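Okay, so here's the structure we're looking at.
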Amino acid sequence: MLDARYVREHSDAVRAALADRASSWDLDAFIGIDEERRDLIAKVEKLQARRNEASRLVGQMMKEPRTEAAGALKNEVRSINEELSALQALLDTIEADARDMLLTVPNLPHESVPVGRDENDNPEVRRWGTPRVFDFEPKAHWDIGPDLGIIDFERAVKLAQSRFVLMGGLGARLERSVINMMLDTHTARGYKEWWPPILANAETLTGTGQLPKFEDDLFKTQSDPPLYLVPTAEVVLTNIHRDETVDASLLPLRYTAFTPCFREEAGAAGRDTRGMIRVHQFDKVELVKFATPETSLDELESMLTDACHILELLELPYRVIELCTGDLGFGAAKTYDVEVWLPSYDGYKEISSCSDCWDFQARRASIRYRDPAGFKGGRFVHTLNGSGLAVGRTVAAILENFQNADGSVTVPEALRPYMGVDVIE
RNA sequence: GGAGGGGUGGCAGAGCGGUUGAAUGCGGCGGUCUUGAAAACCGCUGGCCCGCAAGGGCUCGUGGGUUCGAAUCCCACCCCCUCCGCCA
């Protein structure tokens, strides 16, 4: 969410940012509503001030007592209240309209973000590792897994639907090993581990920006009020501090959690239909930070490093790209994507996305910090989130990059303590 | 699920129809004193919104209602605590 005052006082900057993002958000409509809203507030408050004064006078008169004069004033207040309730109803709808609009405006890209139209304009930042050259025909993970008897896509469909995964034996163990290795690595590097609910309420999903605009992407329960299956642990980790003011001395806060993630993938029909790259339920270890405005960009860089560190431990080649303005997610001010080398795609595939949301989520979720030495009152924190990493895609990358000619898969060194075996065969 | 109790400022805790946006204590900030600190003493000290400002409005779990006027009365809902039941 953007600050309404900022939007009206810097409308040119906002207009330019929306254009860079190719957003169709109606800035002029908002400015009109906002102006109407402020006029109405002035009117309503003037009437309220008169009503409050008159009521106070009535109190005095009743004591003296001057009941006749009090009666006349009572009538005045009654008529003010009638006028007021009509104005108030109007103001309520206008304020709701303004807020609804504000909840659907995307974040402003940071000034350092390259301007571009879509994913083709995302500059590559760096590469690590060299994609392996196979001296045999490498298989895709959707063949390796079933051939080894460790992934069963067909029975997953029977149990649930297409785009679900069933793993067994060393496949299940590989999934769990990757999760544990990621969590152990991040907690050793200063992240606090959490174990959050994976059903969350509408306020929580609104705080991070999934609602109201992206409800179609979410699984929703039929309870009243409804709950939503979290699409990422970012949602719950960030909302831990919703409606709170944290002490500046505690910042930056670095959190991590493993959760299953649930996505409808409503608009993805036909994309990545094979294997476990795009599924309705997948595991992810998430990184979330709360930082001051002064350090948030540095924290983004170090979060990116932390995500890449996992791939380096697993010896998986990757590259980092920066998202251009046109490809930036709704709540992000700046985003790096980490892409892992996948032989089956003969290319790099997203495995982590690290974003600095600036104060966009903090304003929605009302997450402030206090710095008695620096300033009076509270300021919004900056929130950041990144995958560290997507577990299913990591497993797929391991299977494909570490496969052998005989169909077996060598376990990366870093996972052997967790797996208990050197080779999956 | 049943019965009872309760939700007030950073915390504890008064108020129970009008000058209470809220006593008091703790905490926090500033000052006096002190070589420094502690103690003591003095002063200040919730949030949000509109406004250039002066000022004004809203806010005592949430939403409605009664009243000229509600933290205070009524209704509904939410949450917390205790006991009982059920349960992994």
Side-chain angles (χ1 to χ4, degrees), chain A residues 1-10 30-103 195 197-207 221 223-228 236 239-251 253 260 359 362-381:
Chain A
M1 189 163 78
L2 302 180
D3 181 17
R5 168 173 279 121
Y6 180 88
V7 172
R8 73 169 170 263
E9 287 175 3
H10 300 83
F30 175 79
I31 289 174
I33 291 172
D34 185 56
E35 210 172 294
E36 205 178 337
R37 175 183 142 261
R38 287 182 300 139
D39 284 352
L40 218 41
I41 287 174
K43 228 179 262 182
V44 164
E45 291 190 353
K46 212 172 155 189
L47 279 172
Q48 286 173 329
R50 172 59 193 156
R51 180 194 60 186
N52 292 346
E53 191 200 349
S55 291
R56 250 189 306 268
L57 286 174
V58 170
Q60 286 174 20
M61 289 172 173
M62 299 298 272
K63 268 182 195 163
E64 289 186 13
R66 281 162 49 201
T67 44
E68 259 176 57
L73 263 188
K74 282 188 192 182
N75 286 333
E76 186 190 339
V77 174
R78 248 190 292 263
S79 80
I80 289 178
N81 275 337
E82 269 171 44
E83 195 179 345
L84 215 42
S85 69
L87 281 178
Q88 189 66 56
L90 186 58
L91 179 58
D92 285 348
T93 63
I94 287 171
E95 292 208 299
D97 289 349
R99 173 149 183 99
D100 286 351
M101 278 205 78
L102 230 35
L103 284 174
W195 197 93
I198 55 176
L199 284 166
N201 59 36
E203 290 73 26
T204 295
L205 275 299
T206 303
T221 69
S223 57
D224 182 28
L227 293 167
Y228 298 84
V236 268
N239 277 280
I240 285 174
H241 294 297
R242 174 156 50 88
D243 294 323
E244 291 183 11
T245 302
V246 303
D247 196 282
S249 65
L250 299 173
L251 299 176
L253 289 165
D359 60 2
R363 182 172 290 109
R364 287 177 161 251
S366 187
I367 310 170
R368 298 159 202 274
Y369 72 103
R370 215 192 314 272
D371 183 3
F375 51 86
K376 275 194 163 180
R379 274 189 196 160
F380 292 115
V381 300

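So that the names make sense, note that chain A is the first sequence line, chain B the second, and so on, each numbered from 1. The structure displayed is predicted, hence computed values, not measured ones. As a basis for the values below, the full set of heavy atoms in this structure was taken, side chains included, without hydrogen atoms, waters or symmetry mates.
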Nearest heavy-atom neighbours spanning A:A4 and A:F30: CB-CZ, 4.0 Å
Base paired to B:G55 (Watson-Crick or G-U; both N/O distances under 3.5 angstrom): B:C50
Integer angstrom distance from the P of B:G30 to that of B:C83: 45 Å
Length of the CZ-P vector between A:R37 and B:G51, whole Å: 8 Å
Nearest-angstrom distance, C1' atom, B:C84 to B:G17: 39 Å
Rounded interatomic separation in angstrom, taking CG from A:L87 and P from B:C50: 18 Å
4.5 Å side-chain heavy-atom contact, A:N201 and A:P225: no
A:D3 CG to B:C48 P, straight-line distance once rounded to whole Å: 12 Å
Closest-nucleotide ordering on RNA chain B, the 5'-leading residue of A:R38 and A:V58: A:R38
Sugar-phosphate only, base, or nothing, as touched by A:A42 at under 4.0 Å among non-hydrogen atoms: nothing
Rounded interatomic separation in angstrom, taking CZ from A:R364 and P from B:C48: 20 Å
A:N239 side chain to A:T204 backbone, donor-acceptor under 3.5 Å: yes
A:R50 side-chain N/O to B:C68 phosphate OP1/OP2 under 4.0 Å: no
Whole-angstrom distance between B:G65 and B:C48, as gauged at atom C1': 26 Å
Inter-nucleotide P distance (B:C42, B:G5), Å rounded: 43 Å
Identified pairing partner of B:U20, criterion: Watson-Crick or G-U wobble below 3.5 Å: none
Residue matched to B:C41 through Watson-Crick or wobble contacts both under 3.5 angstrom: B:G31
Euclidean distance for P, B:G13 against B:C26 (whole angstrom): 15 Å
Interatomic distance, A:E36 CD vs B:C50 P [rounded to whole Å]: 16 Å
Listed nucleotide nearest any side-chain atom of A:S55, set B:C50, B:C48, B:C68: B:C68
Sugar-phosphate, base or nothing in reach of A:R363, heavy atoms under 4.0 Å: nothing
A:E35 CD: over 12 foreign heavy atoms closer than 6.0 Å: no
Touch class at under 4.0 angstrom, heavy-atom based, for A:I41 against every strand present: sugar-phosphate
Within residues 74-84 of chain A: residues closer than 4.0 Å to RNA chain B (heavy atoms): A:K74, A:V77, A:R78, A:N81
From A:E203 atom CD to A:D243 atom CG, the distance as rounded to the nearest 0.5 Å: 9.5 Å
B:G85 and B:G4, which share atom name C1', separated by this distance in whole Å: 15 Å
Below 4.0 Å: OP1/OP2 of B:G69 and any side-chain N or O of A:N52: no
For atom CD of A:Q48 and atom C1' of B:C68, their distance in whole Å: 15 Å
Candidate pair A:D39 and A:K43, rule salt bridge (charged side-chain N to carboxylate O under 4.0 Å, His left out), full reasoning: CA-CA 6 Å; A:D39 284 352; A:K43 228 179 262 182; over 6 Å; no
Position toward the 5' end of RNA chain B (nearest nucleotide), A:R8 or A:G59: A:G59
Base of B:G56 paired with side chain of A:E45 (donor-acceptor, under 3.5 Å): yes
Interatomic distance, A:E95 CD vs B:C58 P [rounded to whole Å]: 13 Å
Any strand: nucleotide that pairs with B:C26 via Watson-Crick or wobble, under 3.5 Å: B:G10
Note, A:M62 side chain near A:V58 side chain (heavy atom, < 4.5 Å): yes
Distance in Å, A:M1 CE paired with A:S366 OG, rounded so as to fall on 0.5 Å steps: 8.5 Å
Sub-4.5 Å side-chain heavy-atom contact between A:I41 and A:E95: yes
Sugar-phosphate, base or nothing in reach of A:R56, heavy atoms under 4.0 Å: nothing
For residues 73-91 of chain A, tabulate all N or O donor-acceptor pairs below 3.5 Å that involve a side-chain atom, not counting sequence neighbours.
| residue | atom | partner | partner atom | Å |
| --- | --- | --- | --- | --- |
| A:N75 | OD1 | A:R78 | NH2 | 3.1 |
| A:E76 | OE1 | A:R50 | NH2 | 2.8 |
| A:E76 | OE2 | A:R50 | NE | 2.8 |
| A:E76 | OE2 | A:R50 | NH2 | 3.2 |
| A:S79 | OG | A:E76 | O | 3.0 |
| A:N81 | OD1 | A:R51 | NH1 | 3.3 |
| A:S85 | OG | A:E82 | O | 3.1 |
| A:Q88 | NE2 | A:D92 | OD1 | 3.3 |

Whole-Å gap separating C1' (B:C49) and CG (A:D39): 15 Å
Whole-angstrom distance between B:G28 and B:A38, as gauged at atom P: 11 Å
Touch class at under 4.0 angstrom, heavy-atom based, for A:R5 against every strand present: sugar-phosphate
OP1 or OP2 of B:C68 under 4.0 Å from side-chain N/O of A:R51: no
Pairing partner of B:G1 (Watson-Crick or G-U wobble, both distances under 3.5 Å): B:C84
Rounded distance in Å between the C1' positions of B:U20 and B:G69: 14 Å
